[in-house]
Amino acid sequence: MSVPRTIAVPHKAPSLWEDLAGVPPAFLSAPAADHAEVLVVGGGYAGLHAALTLAQNGRRVIVAEAGPIGTGGSGRNGGVVNAKFRISYSALTQNHGIEAARVMHDIAAASVTHLEDSLSRYGIAAQYQRNGTLSCAHNARAFDALAADADWQKSQLGVTGLTLLDRNQTHAETGSTRFCGALFTPQGGTIRPLDYLYGLARAAARLGVKIYTDSPVLQVVEKTGHICATVPNGEIRADHVIYATDAYSAITHATAGLRRAVVPFRSAMVATAPLPASLAQEICGQARSYTETRRMMRWFRREGDRLIFGGRGALGAVDAAGAFARLERAMVAIFPQLKTHKISHRWSGHVALTFDALPMAGMLSQRQHFVAGFNGAGVAMSGYVGHCVALGLVGAPVNLGLVARDTLPKMPFFALRAIGVRAITAGYETLDRLGF
């Protein structure tokens, strides 16, 4: 089978993070031939953390990124750091038992600790603020559910620090009168995601990792004793390969298997122009990260004197003006005081949804490994899972709980995924409007 030598790297609108991050790291495209002990496909959080851990354990590593560093979701997300999965711990308990839920809770907590340790270890200045997250109830039913979940986490998992806020306290915290109350979780906070990614790339390069940008891996063939990866200018030979392409696994044939295991979902964001000091203090004055409890979740956070507002539901392969318009209307509904304030940036990135709402890590063969499916909560988790996969590859004991998979799951009715996403989105929006 012939292998195409060029691909179309996804178009990306300029983000606020690019303006704030300054000059990106400069790397080279892959040469005609190279070799390493481990080839990492994908230069996001998962891939770079895997490379860092391997390099620290004396392995020769190559990272191949299809575009510039920051092309994918790791450089284009909202910079929200949290210790959670898309599925609740009580739901995990119903499906898998309380011990499995406890393991997953520990993994989530460890992912945030790992991010914080990495910032310190590699000297990365990414404006990280560990000031917690606030889940804001959009109606009374949702507030009752938050209260019940807090009680359950305290009694079953021994979680401490969770605090319920009433309507007035939530108004004081957020600057919005739209919420019935909120649940504060102390772990996590906010970060400049592209600064974090650039810092990881520079740290990996200092440790001797070869990082090739604009170097898509077009095909991987497993041969006796090694794998052979085709890149536009030639081939890379390695003992092992780690696929860390997540929601961008459809770019080339090499990650076709991962492509069928996740559904890419566009997450859109807008950023306001700098706000007057009094308005900036009124809106999200504690500068935490905030989410709604609606099924079609919206989230918001401050970045300096700007507000960033994001959410799911920006359907389609490219950015669309209508999606950003819906997002801006939702922002003004929550913060009417922003009605006449200008938007300076509009951008999006893809997140990878899995059928069971959990990340995945495992082996396709003894030489081929994968990480994927962080469901929009991967700023801390994806790097931690990449780190753990690398530890496992060098023989260290790791426990990834339900994240570890014996096989690569396949998304049911994959051919109908676009129709399914649109149908689910429409259904969720209807339920949100009806208050359920």
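This structure is a prediction, so every number in the text was calculated from the model and none was measured.
A 4.5 Å side-chain heavy-atom check between V389 and F370 finds every atom pair outside the cut-off. Side-chain contact between E292 and F179: present, with at least one pair of heavy atoms (C-beta onward) separated by less than 4.5 Å. A heavy-atom distance below 4.5 Å is not found between the side chains of P193 and V379. Counting heavy atoms from C-beta outward, W299 and M269 have side chains that approach closer than 4.5 Å. Inter-residue side-chain proximity for R260 and L408 is flagged as unmet; no heavy-atom pair is nearer than 4.5 Å. Residues W152 and L157 have side chains in contact (heavy-atom distance under 4.5 Å, counting atoms from C-beta outward). Between M104 and V403 there is a side-chain heavy-atom pair separated by less than 4.5 Å.
Ring geometry for F309 against F300 counts as parallel: the plane angle stays under 30°, on a 0 to 90° scale with 60° as the upper cut.
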(request) Kindly determine whether Q129 and R302 satisfy side-chain contact (heavy atoms from CB on, under 4.5 Å), including the steps that lead there. (result) CA-CA 11 Å; Q129 296 186 72; R302 283 260 306 284; over 6 Å; no
(request) Carefully, step by step, assess L16 and W347 under the rule side-chain contact (heavy atoms from CB on, under 4.5 Å). (result) CA-CA 8 Å; L16 172 64; W347 76 99; 3.8 Å; yes
(message) Go through it in stages, so that I can follow the logic: the residues are Y248 and T71, the test is side-chain contact (heavy atoms from CB on, under 4.5 Å), and I'd like the CA-CA distance, side-chain angles, deciding distance and then a yes or no.
(response) CA-CA 10 Å; Y248 295 80; T71 296; 5.6 Å; no
(request) Quick one: do S135 and T293 satisfy side-chain contact (heavy atoms from CB on, under 4.5 Å)? Show the steps, please. (result) CA-CA 7 Å; S135 183; T293 52; 3.6 Å; yes
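Between the CD atom in Q219 and the CD atom in E235 there is a gap of 9.5 Å [rounded to 0.5 Å]. Atom-to-atom distance recorded for N375:CG and M360:CE is 8.5 Å, nearest 0.5 angstrom. Of the inter-residue distances, the one linking L39 atom CG with Q368 atom CD reads 10.0 Å to the nearest 0.5 angstrom. Rounding to the nearest 0.5 Å places OG1 of T255 at 8.0 Å from OH of Y243. In this structure, the separation between CG on L48 and OG on S74 is 8.0 Å, given to the nearest 0.5 Å. Note that OG1 of T291 and NE2 of H138 are 12.0 Å apart. Values are rounded to the nearest 0.5 Å.
Outside the 6.0 Å centre-distance limit, the rings of H226 and H35 are not counted as a close aromatic pair.
Between L165 and F184, the closest heavy-atom pair is CD1-CB, 4.0 Å. What you find for V231 and A30 is that their closest heavy atoms are CG2-CB, 4.0 Å.
Side chains of E116 and Y128: a donor on one and an acceptor on the other come within 3.5 Å. No side-chain N or O of Q156 forms a donor-acceptor pair with one of T93 less than 3.5 Å apart.
With salt bridges taken as basic N to acidic carboxylate O contacts below 4.0 Å, one links D356 and R405.
Side chain of R192 to backbone of E303: no donor-acceptor contact under 3.5 angstrom is found.
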